[in-house]
Structures are given as structure tokens and as C-alpha cells.
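Heads up, the thing below is written out as C-alpha cells.
For the numbers below, each heavy atom of this structure counts, side chains included, while hydrogens, waters and symmetry mates do not.
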Amino acid sequence: MHLRPSLKALAVLASLLVAPGLAVLATEYHVDPETGSMANDGTATSPWSTLEAVFADGKTFEPGDRILLRDGYHGEPVVSGAPSDTVYIEAEEGHEPRLSRLRLPSGTRNWFVSGLRISRSYAPEFDTDTMVSLSGEHNTIDNCRIYSEEDSSEWTLQEWRDKQGRGISYGGNHTVIQYNTLLNMRFAISGSGTNAVIRGNTIMNFGEDAIRVLGDDTIIEENYIGEVYNLQDGAHRDGIQSWTSGPGGVGTGVVRGVIIRHNTIVAYTDPDRPMIGGLQGIGLFDGFFEEWVVKNNVVVTNHFHGITFLGARNCTIINNTVIDLDEDRAATWIEVGHHKRHSQVAEEDREQWASRGNIIRNNVATQFRIPDGSAVVENNAQVREHAHFHTWFADYPRDMRPVITGRRAEPLIDRGTGDGAPVTDHAGNPRPLDGTGDGMPSWDIGAYEYTGYGIWRRFTMTDEAMNVSTGRFLHGINVAADPWIWVWRLQNWAFIPPASPDTAGGWIWVLNQNGAPEGTPSSESWYGYPVDDGTRAETGAFLGTVDISHDPWIWIEDLSRWAYLEPAETMDPNGAWVWVLAES
């Protein structure tokens, strides 16, 4: 009997079929606060001292260069220079460099900073100043851990007031802030630059605003925002906030073209936690806001304002889930109201302050507040009965996916419309899927598409020799010698062991040189991929993150969809081998 190829392994095999780009000729510099000196040449065996000293000494760099930081305190560096392409500042593998502040002032560009710990708690004298300032253009802060102090679990109210700092502030254009963790601060991310991307950050424990964006054409996506604190200081707290400024002050300008998608905002997860604050989810209170798109967001909060626009023109709010945490109230709303000045001027002047041309579609919320004439409102679901919070969703308030088996969410499943709807859901699953099993896929209401049923594309063998052409998924392969697989594009054999993956060994092995498949490969002649924690593989530019925790199902980040592999013994020229969720 054929051994079943591990679908985990096949995902990494797919990664091998994506041809990597040519390596860029560049120089690696090393910085070590413990053993380094600025009199050294910056090599691995003769490192410089600290990142602060590197820029204070006027060092310059070329595109592709990497500045690798080792353990220790690197001070408060002020980056300088505007290389024509990216220069990297990052933690050397296995190291956790520490900074107390990082500044990229006006005039810098094309810097990519990754893997650092940044906290005012490392400074010689603690204060609550902004920890990361990005004023240049085309700069990126990536995968850093930024915090006032690492642990706030024992902070008193006064300590919260005294210690909460500011995380990242950006004023430059084309800034990217991605995959960072920001903890225990007053403001996490705020800025006014245009064309920014704020992606995949985790923001936990904050006292005022998690994300504040005031610049045009910004993308805010895939962030997790949670655990707001009430510091009894009169502040109102927002998950995502914006306002406008113009000649007449706040509320007299326009912010255009912002996209808010695939974010999760949760006010609290433990109702017994002290200092729980009221959290306005997405609060846009001083318009006008024009041509914004808000889609596939989950907002579970304890405030009236779930998603609120006051002054909106030609904005789209589509396929969001907005639910109240207060079991006694059920009042959190989606609102598109007129500009605040609408009610303050004479009736004949109100039209210029009216909201218009908006679309409110495919959302589920506890309330909707939409003035007549301000929006097209269709295919939304209102859930006011708190009992429905528990019956419509998988595990309210922790998991807001709709359910159909055992508990019924028929008002959400296949009840939406495809008019302008997104082609994926909050989790990256494709839309639409057949949620009821009637063979007719249709969009669901809310941020999640029900995945109990699906439309799948299968790949069949092209001949009796068991050749399979899988297109984008695995390209061309031959499975006749399973668990050995011949990869045409590699012109090489791959071996997929039946054993479960672990962190020490490879879970797919590719022959270093061609040869006939015999026995089990040895580590000397094969290259293997490890699996982190037995659940995830990081394939970088190949396929991104591959999540194998649901084997035989696998989530492939680069493809943005699920895949499933049938056992080899079931294959025939008319049968399926790899199933991939079809794109809509």
C-alpha cells in the first residue's frame, strides 16, 4: 500500500516550486555592545559597539546591506541616510537587542528595522516619550516588541498613569508598520503620513487609542487590538480613530481613501479584570471622510460606537461583525451620521454637512443608525437578542464565526449579496462558499464566511503514469512512486516521510543530487525543512506562513486558501488528488 504523502510536506514542496529571486550582493555588519568597538571594521569577529554609536560615527550603507545587532543595550539611535534601496537593521539570529528609543528623522528613506526590543524602561532615566518615531519616507518597522514595561499585570491605577508611554509615531509617507507587538501604553500607533500600511500588529493593554490615523490612502489590516484600560482621566478610548483638520480647525478637512480590513477589536476578554474601560471600536467623529472602505472587521466591544462615521461621503461598510459585550444592553451600533456641524447650522445650509453616497451592506450588528438619504442599506442582519449572540456564533465573544451545526445562524449564512462584496473573509477564506449544501454558493453576512460547506477545485491525473498537473498549487509532479514524488520543475526527487514532524528534523526532504528513490534519505544527502512547535513553518518569500495544525487540512498564506490531500491509494485518472478551495 502507498504511504499517504503528508500534506504538510506538500505545502513546503510547493514552496520549492517558486523560483527565488537572485541574491543581492551586499555587506553584513555586526554590532555587539558587549565586545564591540567603533575602532573595529564591523565584521562578525570585529564588531562595532552599539547601533547608536554606528550612526553617531557617521557610518554609511549601500542598498542590501544588513546591520545585525547582538544582545545588549544599543542606546537611542538616530538613523541617518537615504539609500536608493532597502538597508536592513535587524536582530542577529538568536539575539534580542534592546533600545530605549529609535528615531528615523525627516530625510531618511528605505530603512527596514526588524526584530528589536524597544522600551523606555531600558533608558537610564525612565520617561513616557514616544519610543519609535518615523519621519522619513519608505521606512519599515517590522516584528519588534515595543512596550512601556514588559509586564503591567500588577500596575495600580497610579502606575498606569505614570508609566504608560507612546509607541510608534509616524509623519513620513509610505511608512510600513507591520507584525509588531505593542504593550502597556497610552497610544500605540499614530500618525499623519500618507500611503501608510499598518498590518498584522498586536496591540494589548492601552489607555487611550490603539491606532490613530490622519493621513490619506492608508491601509489598516489584520491587526489585533485588545484590553482597554480606564484610567479615570476623562479620555475616550478608540480601537481605530481618525479626524480631519482644515482651515476652520478640527472637522473642516477631508481624509480620503483609507482601507480598514480584517482587524479584530475586543474591549476585554476577562470581565473580572480591574480598570476595564469603554472602548469605541472604529470611531471617525469629525469628518469628512471620503471613499473609505471598512470590511471584514470584527468589533466586540462595550460601547455604543462599534463603527461610527460622522461625516461620510462615498464610503463602504461591508461584511463586518459588530457585537456588544454588555449582555444587559445589546446597543453597539454601526452608524453613518451627518457631520457634527449639520445640526449646528441653519436648515438651508445643512446639505453641505450631510453624509451621502455611502454603502452599508452585509453587516451584522446589534444596531444600525443611518439617516435617510445618506446611504444604500441592504442585506444587513440586526441581532438584539442576547441569546442569539451565543447561538449564532461559534463561541461568543471569543469566536465570532457563524455556526450551522448544532446551533443555527441561518440569518447570516448565504444571506448576503455579492454586489461589491470582498472575495475573502476575515480569516482569508474565499467568498462566496456554499454555506447550506444546496450547491449554490452565496455570500454570508458578517466578517466570516461559513466554511462547513465549500466549492472545491480538484486536480486529476493526466495519464496512467500518475502525472498530476496542479497549476499554481504544486505545478507538475509525478506521484507513481509515492511517498517519493518527482518534481519536474526541480528535476529532482522529494521524499515525504510518514512520521509526524518535529522541531529537530525535516518534514520534507529534497535530494541534493539526482538519484533513484531507494529507502529513507539521510541528512547528509538531503535538505530538510523544520516545523516550529510542530504546527507552523515559516517559508519566507516562498509561501509565507504554512499552518499545518489542522492536517490533513493546511492553510497556505501565499495562496490565501486551504488545501486538502486525498490518500494516494484512492487516485485514479478520474479522481481527485489535491483539493484546493476554488477562487470566487
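- Judged by distance alone, the side chain of Asn139 and the main-chain N or O of Trp111 form a donor-acceptor pair under 3.5 Å.
- Within the cation-pi definition used here (under 6.0 Å to the ring centroid, within 45° of the axis), Arg273 qualifies as a partner of Tyr229.
- Donor-acceptor pairing under 3.5 Å is lacking for the side chains of Asn319 and Asn296.
- In the displayed structure, Glu93 atom CD is contacted under 6.0 Å by at most 12 heavy atoms of other residues, nucleotides or ligands.
- A 4.5 Å side-chain heavy-atom check between Ile220 and Ile240 finds at least one atom pair inside the cut-off.
- Side chains of Asn110 and Asp85: a donor-acceptor N/O pair is absent below 3.5 angstrom, by distance only.
- Residues Asp129 and Arg166 are not paired through a salt bridge, judged by the lack of any N-O separation under 4.0 Å between the basic side chain and the carboxylate.
- Ion pair Glu137/Arg109 flagged as a salt bridge, since at least one NZ, NE, NH1 or NH2 atom sits closer than 4.0 Å to an Asp/Glu carboxylate oxygen.
- Checked against Asp217 for a side-chain contact (heavy atoms from CB on, under 4.5 Å), the options Val197, Val258, Asn195, Asn173 give a single hit: Asn195.
- In this structure, Thr202 OG1 and Tyr179 OH are separated by 11.0 Å, a value rounded to the nearest 0.5 Å.
- Remark: side-chain polar atoms of Asp425 are paired, donor with acceptor, to backbone N or O of Gly428 under 3.5 angstrom.
- Looking at Glu291 and Asn314, their side chains come closer than 4.5 Å, going by heavy atoms from C-beta outward.
- Gln280 and Asp238 form a side-chain donor-acceptor contact under 3.5 Å, judged by distance and modelled atom types alone.
- Rounded to the nearest 0.5 Å, atoms OG (Ser242) and CG (Leu214) are 5.0 Å apart.
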Stepwise side chain to side chain contact (heavy atoms under 4.5 Å, CB included) check, Tyr268 with Leu325: CA-CA 9 Å; Tyr268 61 85; Leu325 273 170; 3.7 Å; yes
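- Using a 4.5 Å heavy-atom cutoff, the side chains of Leu183 and Met185 are not in contact.
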Worked check of side chain to side chain contact (heavy atoms under 4.5 Å, CB included) between Asn297 and Thr321: CA-CA 6 Å; Asn297 299 285; Thr321 296; over 6 Å; no
Stepwise side-chain hydrogen bond (donor to acceptor under 3.5 Å, both in side chains) check, Glu227 with Thr269: CA-CA 7 Å; Glu227 306 301 336; Thr269 55; 2.6 Å; yes
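- Shown are Thr181, Leu182, Leu116; of these, the side-chain contact (heavy atoms from CB on, under 4.5 Å) with Arg145 is made only by Thr181.
- Asp32 is linked by a salt bridge (charged side-chain N to carboxylate O under 4.0 Å, His left out) to Arg70, counting only residues two or more places apart in sequence or in another chain.
- Look at Lys340 and Asp286 and you find a salt bridge, because one of the NZ, NE, NH1 or NH2 atoms lies within 4.0 Å of a carboxylate O, short of that distance.
- Residue Glu150 places its CD atom among more than 12 non-hydrogen atoms of other residues, nucleotides or ligands, all under 6.0 Å distant.
- The structure places CG of Asp142 at 10.0 Å from CZ of Arg199, a figure rounded to the nearest 0.5 Å.
- Of the inter-residue distances, the one linking Leu284 atom CG with Cys315 atom SG reads 8.5 Å to the nearest 0.5 angstrom.
- Using a cutoff of 4.0 Å between basic side-chain nitrogens and carboxylate oxygens, Asp233 and Arg186 are scored as salt-bridged.
- Annotation: side chain of Val255 is in contact with side chain of Asp216 (closest heavy-atom distance under 4.5 Å).
- In the model, His426 has a side-chain atom that pairs as donor or acceptor with a side-chain atom of Thr264 under 3.5 Å.
- Residues passing the side-chain contact (heavy atoms from CB on, under 4.5 Å) test with Arg98 are Tyr73, Arg117, Tyr122, sequence neighbours excluded.
- Looking at Glu76 and Arg120, a side-chain N of the basic residue comes within less than 4.0 Å of a carboxylate O on the acidic one, giving a salt bridge.
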